[in-house]
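Worksheet for the structure shown next.
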Protein chains: 2
Amino acid sequence: MTTRKETKATQIARTLAERIVSGKLEPGARLRQDHIAEEFGTSHVPVREAFRLLEAQGLAKNEPRRGVRVAAFDLNQVREVAEMRAALEVLALRNAAQHLTPAILAAAEEATLEGDQARDVMAWEAANRRFHRLLVAPCGMPRLLAAIDDLHAASARFLFSAWRSNWETRTDRDHRAILEHLRRGETDAACAVLSRHVQWIGHKPIETASGKKRKAFVIEG
Amino acid sequence: MTTRKETKATQIARTLAERIVSGKLEPGARLRQDHIAEEFGTSHVPVREAFRLLEAQGLAKNEPRRGVRVAAFDLNQVREVAEMRAALEVLALRNAAQHLTPAILAAAEEATLEGDQARDVMAWEAANRRFHRLLVAPCGMPRLLAAIDDLHAASARFLFSAWRSNWETRTDRDHRAILEHLRRGETDAACAVLSRHVQWIGHKPIETASGKKRKAFVIEG
DNA sequence: ATACCCAAAATTATCTATAATTTTAAAGGT
DNA sequence: ACCTTTAAAATTATAGATAATTTTGGGTAT
């Protein structure tokens, strides 16, 4: 009984999303449906549906009759995603605040610790996302949470594009400040720190595949 | 030469979206791909892609192997959409404020007047949406604007579900207050009014098709 | 009468094949 | 040499057909 709740289209979409976010697929790369269909052992119909899912997440862009490409991004989009995240995560935290339990705050503390000890950017991102997810999840607003998740994926793209290798550990003071405010019931203060934290944009010179140096812009929060 | 930039999937999605928003398709109604394909004179493949687009907008919900239904909505979702709109439209207005010209403000004034004179809810909604669109469009943040558009569609659904008929004209004081603040360069004040305005939720008893009375909750802003 | 099970029908998801469009590359004219 | 035109190849978009799953309805036992 292979009762799977997942359809092939969503499987393909999830796998492609991982590749785009992690940078294995570069911005502007063409996604050819027949090639992808062959790789996944399906026809191209589920692939087309997967493309639509990626488009909705803002990870791919479709031009009718001209194919699908990995969405490009520039500084303006990094800023845009950061500001949207700030607005929506603050809204979510305000609604979640009254439902936060000591157990949730403890789990968030642990996620922060895990992030501080992360050895590479993938591990750090996973812990960071867990921290933010834990705090906003109790808001009970599914549409809002889905929107925030999509923005997190976009943020991670920017992050990975800069820190593909050479990650250095650090202690996250903002996370601890947010938790301390929440423990004291100071919701406004927690939201203020969160808003600033998410909108912080890092600048880092990186080497591209072609050897040239260029500046990368990263959401770290 | 039928060089259309619109694919059949998007045409179907747009038509179905209109029906869902206007209430011609009721919440929970099943969307059967073969029937819809026949109506539009296509095969079911473009229909399936249209379903994915509707899903992304939050207008339909898909359960694998069990079909697609028009998304339901309750008071919680009305509140959720209103709060998300408030957060995102304020963000957009803050970024748009410095690019607003007297010409744009005049056009927004005209949209307000048109809304005040509207004879039915459809006309009012069109004018209202135009007003909000004019003010936020200059922010230059395409992802943000797309998210706001989707939320507007959801708002309109709630609105039409209550005011299917018997609309009464009124003068919109909030719109005028927002414009006055913007003319004076008082961005914070304008955003404050906008936030309250969008979050205002109307309550109205309506008659359902089955004859029963029930309460409807409406975003009017 | 009610609950359960099984077969038939309806519906969804996928595959194979076809048509339409765009990209490419090359040939020919200026 | 360079630009335009034209044919070929690659790719996307849709159609028609098949397989798999769920729903429906009737019959039977309790």
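For the numbers below, each heavy atom of this structure counts, side chains included, while hydrogens, waters and symmetry mates do not.
- A straight line from CZ of A/Arg52 to P of D/dT12 spans 12 Å, rounded to a whole angstrom.
- In this structure, of C/dC15, D/dT12, D/dA15, it is D/dT12 that holds the atom nearest to the side chain of A/Arg32.
- With hydrogens and angles left out, the side-chain atoms of A/Ser195 and A/Gln199 include a donor and acceptor closer than 3.5 Å.
- In this model, no donor atom of one side chain and acceptor atom of the other lie less than 3.5 Å apart for A/Gln77 and B/Arg143.
- Each of B/His175, B/Glu220, B/Glu114, B/His152 was compared with B/Asn128 under the side-chain hydrogen bond (donor to acceptor under 3.5 Å, both in side chains) criterion, and only B/His175 meets it.
- Put simply, CZ on A/Phe40 is 18 Å from C1' on C/dC15, counting in whole angstrom units.
- Residues B/Glu83 and A/Asn95 have side chains that bring a donor and an acceptor to within less than 3.5 angstrom of each other.
- Proximity of A/Ser43 to the phosphate of C/dA17: no side-chain N or O atom is located under 4.0 Å from OP1 or OP2.
- For A/Pro64, the side-chain atoms get nearest to D/dA13 when compared with the rest of C/dT11, D/dA13, C/dT12.
- Distance CD (B/Glu38) to P (C/dA10): 14 Å, rounded to an integer number of Å.
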Produce the list of close N/O pairs, under 3.5 Å, pairing protein atoms with atoms of nucleotides 23-25 of chain C; give distances to one decimal.
residue	atom	partner	partner atom	Å
C/dT23	OP1	A/Arg66	NE	2.5
C/dT23	OP1	A/Arg66	NH2	2.4

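- Heavy-atom nearest nucleotides on DNA chain C were determined for A/Pro46 and for B/Gly67, and the one closer to the 5' end corresponds to B/Gly67.
- Nearer the 5' end of DNA chain C, as judged by each residue's closest nucleotide, is the contact made by B/Leu31, out of B/Leu31 and B/Val45.
- For A/His44 against D/dT14, a side-chain N or O and a base N or O form a donor-acceptor pair under 3.5 Å.
- Here the P atom of nucleotide C/dT11 and the CZ atom of B/Arg48 are 15 Å apart, to the nearest Å.
- Between A/Trp124 and A/Ala118, the shortest heavy-atom contact is N-CB, 3.4 Å.
- If you take CD of B/Gln33 and P of C/dA10, they are 16 Å apart, rounded to a whole angstrom.
- Atom CZ in B/Phe51 sits about 9 Å away from atom P in C/dA13, given to the nearest Å.
- The nearest whole Å value for the distance from the CD1 atom in B/Ile36 to the P atom in C/dT11 is 12 Å.
- Distance, B/Ile12 CD1 to D/dA13 P: 14 Å, rounded to whole Å.
- Within the 4.5 Å cutoff, the side chain of B/Glu63 has no heavy atoms near those of the B/Val68 side chain.
- Taking the side chain as every heavy atom from C-beta outward, B/Arg85 and B/Ile148 never approach each other to under 4.5 Å.
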